[in-house]
Amino acid sequence: MRYWLMKSEPSDCSIDDLAALPDQSVAWYGVRNYQARNFMRDQMNVGDGVLFYHSNCKEPGIAGIARVSTTAYPDETQFEFTSKYFDPKATREQPRWYNVEVQLKQKTRLISLQELRAHPELENMRTLQRGNRLSITPLDPVEWQFILDKLVKE
DNA sequence: GCCAACGTTGGC
DNA sequence: GCCAACGTTGGC
């Protein structure tokens, strides 16, 4: 059992978009960064905890709690000519990109980036580090617990 | 394998 | 829209 923070641009898929989907779950397609891909492909398991984070928007921050609901399988968009995620170097035999699916557990109040930064307990969170751009980062279980116990419930 | 050029991310 | 920080690409 691991814990993750996963960024989504609300203009692309917001927490409310996720909530409106069948089973409230979504394929996390479009990841084109090897480190993030490896996290999904090699380390994620069904049931892992996910913080659903709104990025590149007016109010960046945690918007909900989710779970990993499938293990990784080839990202379909890499094969689609018309997709902006199309990858000419990927083949069905040798896919390059993978995605898991993520299912909403609970929408939360918006826990802003600014608020996250205010807690010394979270100072080592990868997402809070300077220059960090990874869309998927592992979360320390202690950080996960702190956020759930201390911040989600406020 | 180096590294300059270019592209992307994402807070502000 | 700016721009710092990173990641990727490709010539050499």
Side-chain angles (χ1 to χ4, degrees), chain A residues 2-21 25-44 48-68 72-140 142-144 146-148 150-152 154:
Chain A
R2 292 186 168 96
Y3 302 97
W4 308 95
L5 182 144
M6 298 176 77
K7 297 178 187 172
S8 181
E9 302 192 10
S11 61
D12 193 33
C13 179
S14 72
I15 193 81
D16 290 327
D17 295 333
L18 178 59
L21 289 170
S25 47
V26 67
W28 210 266
Y29 61 82
V31 169
R32 295 295 179 266
N33 169 285
Y34 289 105
Q35 239 184 306
R37 177 203 68 181
N38 292 347
F39 285 142
M40 286 199 284
R41 191 190 59 184
D42 305 334
Q43 294 194 35
M44 284 193 184
D48 281 4
V50 173
L51 296 178
F52 190 100
Y53 180 94
H54 281 172
S55 72
N56 198 17
C57 58
K58 196 172 178 185
E59 290 187 298
I62 296 165
I65 313 290
R67 63 189 282 273
V68 174
Y73 58 86
D75 177 340
E76 195 59 31
T77 60
Q78 72 192 301
F79 308 122
E80 295 169 355
F81 273 106
T82 55
S83 170
K84 67 171 175 174
Y85 299 117
F86 176 69
D87 184 342
K89 293 182 181 164
T91 64
R92 295 268 174 197
E93 293 69 33
Q94 282 205 310
R96 182 181 282 200
W97 306 110
Y98 288 79
N99 65 246
V100 297
E101 289 183 22
V102 166
Q103 181 175 39
L104 179 64
K105 289 182 76 170
Q106 174 195 351
K107 186 179 169 180
T108 64
R109 71 188 179 87
L110 199 282
I111 304 165
S112 72
L113 180 58
Q114 193 181 9
E115 181 178 351
L116 293 172
R117 288 197 196 285
H119 295 283
E121 293 89 341
L122 302 177
E123 68 185 358
N124 291 324
M125 263 178 73
R126 297 259 314 254
T127 309
L128 304 188
Q129 303 308 307
R130 185 156 183 265
N132 178 72
R133 304 183 322 180
L134 257 191
S135 63
I136 300 175
T137 50
L139 260 187
D140 189 293
V142 176
E143 294 164 351
W144 165 268
F146 178 83
I147 290 167
L148 259 66
K150 298 287 196 293
L151 304 186
V152 168
E154 272 181 24

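Below, chains carry the letters A, B, ... as their sequence lines are ordered, and counting in each starts from 1.
To the nearest angstrom, C1' of C/dC6 lies 16 Å from OH of A/Tyr34. Rounded to a whole Å, the CG atom of A/Asn132 is 10 Å from the C1' atom of B/dT9. A straight line from CG of A/Asn33 to P of B/dT9 spans 9 Å, rounded to a whole angstrom. Between A/Asp87 atom CG and C/dT9 atom C1' there is a gap of 13 Å when expressed in whole angstrom units. Computed from coordinates, the A/Leu113 CG to B/dT9 P distance equals 18 Å when rounded to whole Å. Straight-line distance from the CD atom of A/Gln35 to the P atom of B/dT9: 15 Å, rounded to whole Å. Rounded to a whole Å, the CZ atom of A/Arg96 is 10 Å from the P atom of C/dT8. Atom NZ of A/Lys84 is separated from atom P of B/dT8 by 10 Å (rounded to the nearest Å).
For the pair A/Leu5 and A/Glu143, the minimum side-chain heavy-atom distance is 4.5 Å or more. Residues A/Arg109 and A/Leu151 have side chains in contact (heavy-atom distance under 4.5 Å, counting atoms from C-beta outward). With a 4.5 Å cut-off on side-chain heavy atoms, A/Val100 and A/Phe39 do not count as touching.
Considering A/Val152, A/Ile111, A/Thr127 in turn, A/Ile111 is the only one that fulfils the side chain to side chain contact (heavy atoms under 4.5 Å, CB included) rule with A/Ile62. Screening A/Arg32, A/Arg96, A/Arg37 for a side chain to side chain contact (heavy atoms under 4.5 Å, CB included) with A/Asp75, the sole residue that qualifies is A/Arg32.
Checking B/dG10, B/dT8, B/dG11 against the side-chain heavy atoms of A/Arg133 singles out B/dT8 as nearest.
For A/Arg32 and A/Gly131, each mapped to the nucleotide of DNA chain C holding its nearest heavy atom, the one lying further toward the 5' end belongs to A/Gly131.
The closest donor-acceptor contact from the side chain of A/Gln78 to the backbone of A/Trp97 lies under 3.5 Å. With hydrogens and angles ignored, the 3.5 Å screen pairs no side-chain donor or acceptor of A/Lys107 with any backbone N or O of A/Ala63.
Contacts of residues 51-66 of chain A with DNA chain B (heavy atom under 4.0 Å): A/Tyr53, A/Ser55, A/Asn56, A/Pro60.
Between A/Lys7 and B/dG10 there is a side-chain polar atom (N or O) within less than 4.0 angstrom of OP1 or OP2.
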